[in-house]
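Keep in mind that this is a model prediction, so the values were computed, not measured.
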Amino acid sequence: MFDFSNETCLKNELKNGNSEVLNHLMSTYHHPLCLYAFSLSKDKEDAKDIVQNVFIKLWENREKADTIVSIKRFLYKAVYNRFIDLWRKKSNLLPMEVEYEKCLEQIVEEDQTEKFLKQLEWIKKVIEQLPPKCKETLLLSKKEGLTNIEIAEYLDVSIRTVEGQISKAFKILREKLNEDYSSIFFMMFRKPLLK
């Protein structure tokens, strides 16, 4: 029986075209990679396509498998690279988006993907715990990209009320989250929330 826990054997078998290795890697990493891709793209279909493409490319280039240092890191890096390629095709990078890309690059280079996903989940929980009006206003502003005027019209409240709810949300978030989370906020909403 082939030992899937031995990464050197795993890479050699992959290089030799053992499809069981690909099946093993997909069953092990497909779901976490999809979560990671979704955290970047904010689109479930794009995330699935990115991960599928990564596994296809891995299989097509399997003869180079023995040059991979860490399969796990390679897969996460490949997902990141594929996302950036697609993102560049879809948009002209603004200065803020360049900063966003740098944050992503740092996370991948430092092999912090698992830590990143845990931080992401914690931030979502903290946002969910915000008072209802604060949470709704914050998400309309930062996630949906509405202006304060648009939010005021949508919620049928004054602009001052919108500004107050957003300020209140920021204050709560700053109290509950430290500086390490600011770049994660930046990536979640494509705008820096903590200043």
>> Let me confirm one number: the CD-CG distance from Glu153 to Asn148, rounded to the nearest 0.5 Å.
In response: 11.5 Å

> Would a distance-only check, ignoring hydrogens and angles, find a side-chain to backbone donor-acceptor pair under 3.5 Å from Ser167 to Gly164?
Replying inline: no

>> Any side-chain to backbone donor/acceptor pair from Asn61 onto Lys57? Under 3.5 Å, distance only.
In response: yes

> In terms of hydrophobic clustering (I, L, V, M, F, W, Y; side-chain heavy atoms under 4.5 Å; direct or indirect links), are Ile127 and Phe38 co-clustered?
Replying inline: no

> Taking side chain as C-beta onward, heavy atoms only, is Ile166 less than 4.5 Å from Val162?
Replying inline: yes

> Which atoms form the tightest heavy-atom contact between Cys134 and Lys168, and what is the distance?
Replying inline: SG-CD, 3.4 Å

> Quick one: does Ser27's side chain have a donor or acceptor within less than 3.5 Å of a partner on His24's backbone?
Replying inline: yes

>> What verdict does the side chain to side chain contact (heavy atoms under 4.5 Å, CB included) test give for Asn81 and Lys77, after you've listed the backbone C-alpha separation in whole Å, the side-chain angles of each residue and the deciding distance to 0.1 Å?
In response: CA-CA 6 Å; Asn81 287 337; Lys77 179 73 172 178; 3.8 Å; yes

> When rounded to the nearest 0.5 angstrom, what is the spacing between CG in Leu14 and CD1 in Ile71?
Replying inline: 6.5 Å

>> Ignoring hydrogens, what is the shortest heavy-atom contact between Glu136 and Tyr154? Give both atom names and the distance.
In response: OE2-CE2, 4.5 Å

>> Just so I know, are the side chains of Ile56 and Gln52 near enough to count as touching, which here means a heavy-atom distance under 4.5 Å?
In response: yes

>> Holding to side chain to side chain donor-acceptor pair (under 3.5 Å), I want the full list of residues that pass it with Thr161, two or more places apart in sequence or in another chain.
In response: Ser158

> Taking the side chain from Asn53 and the backbone from Asp49, do they hold a donor-acceptor pair closer than 3.5 Å?
Replying inline: no

> How close do Leu138 and Ala169 get, heavy atom to heavy atom, and via which atoms?
Replying inline: CB-CB, 4.3 Å

>> Please report the interatomic distance CG(Asp46) to SG(Cys34), rounded to the nearest 0.5 Å.
In response: 11.5 Å

>> Once rounded to the nearest 0.5 Å, what's the spacing between atom CD of Glu128 and atom CG of Leu139?
In response: 7.5 Å

>> As a quick check of understanding, evaluate side chain to side chain contact (heavy atoms under 4.5 Å, CB included) for Ile50 and Leu33, giving each step before the final call.
In response: CA-CA 9 Å; Ile50 287 168; Leu33 286 174; over 6 Å; no

>> If I compare all heavy atoms of Leu25 with all of Phe55, which pair ends up nearest, and what's the gap?
In response: O-CZ, 3.9 Å

>> So does Thr137 get a backbone contact from the side chain of Ser141, meaning a donor-acceptor N/O pair under 3.5 Å?
In response: no

>> Within the supplied structure, the quantity of interest is the number of heavy atoms (other residues, nucleotides, ligands) at a distance under 6.0 Å from Asp156 CG; does it exceed 12?
In response: no

> Any donor and acceptor pair, going by atom type alone, linking the side chain of Glu13 with main-chain N or O of Leu10 inside 3.5 Å?
Replying inline: no

> Rounded to the nearest 0.5 Å, how far apart are CZ of Arg73 and CG of Leu75?
Replying inline: 12.5 Å

>> Tyr29 vs Val51, test: side chain to side chain contact (heavy atoms under 4.5 Å, CB included). Steps then yes/no.
In response: CA-CA 9 Å; Tyr29 293 111; Val51 173; over 6 Å; no

>> Treating Lys11 as the side-chain partner and Ile68 as the backbone partner, does any N or O pair qualify as donor plus acceptor under 3.5 Å?
In response: yes

> So, Asn18 side chain and Glu20 main chain: donor-acceptor pair closer than 3.5 Å or not?
Replying inline: yes

>> Let's go through Val21 and Asn16 carefully: what are the C-alpha distance in whole Å and the side-chain angles of both, what is the deciding distance for side chain to side chain contact (heavy atoms under 4.5 Å, CB included) to 0.1 Å, and is it a yes or a no?
In response: CA-CA 10 Å; Val21 174; Asn16 293 331; over 6 Å; no

>> Within the 4.5 Å heavy-atom criterion, are Lys133 and Gln165 side-chain neighbours or not?
In response: yes

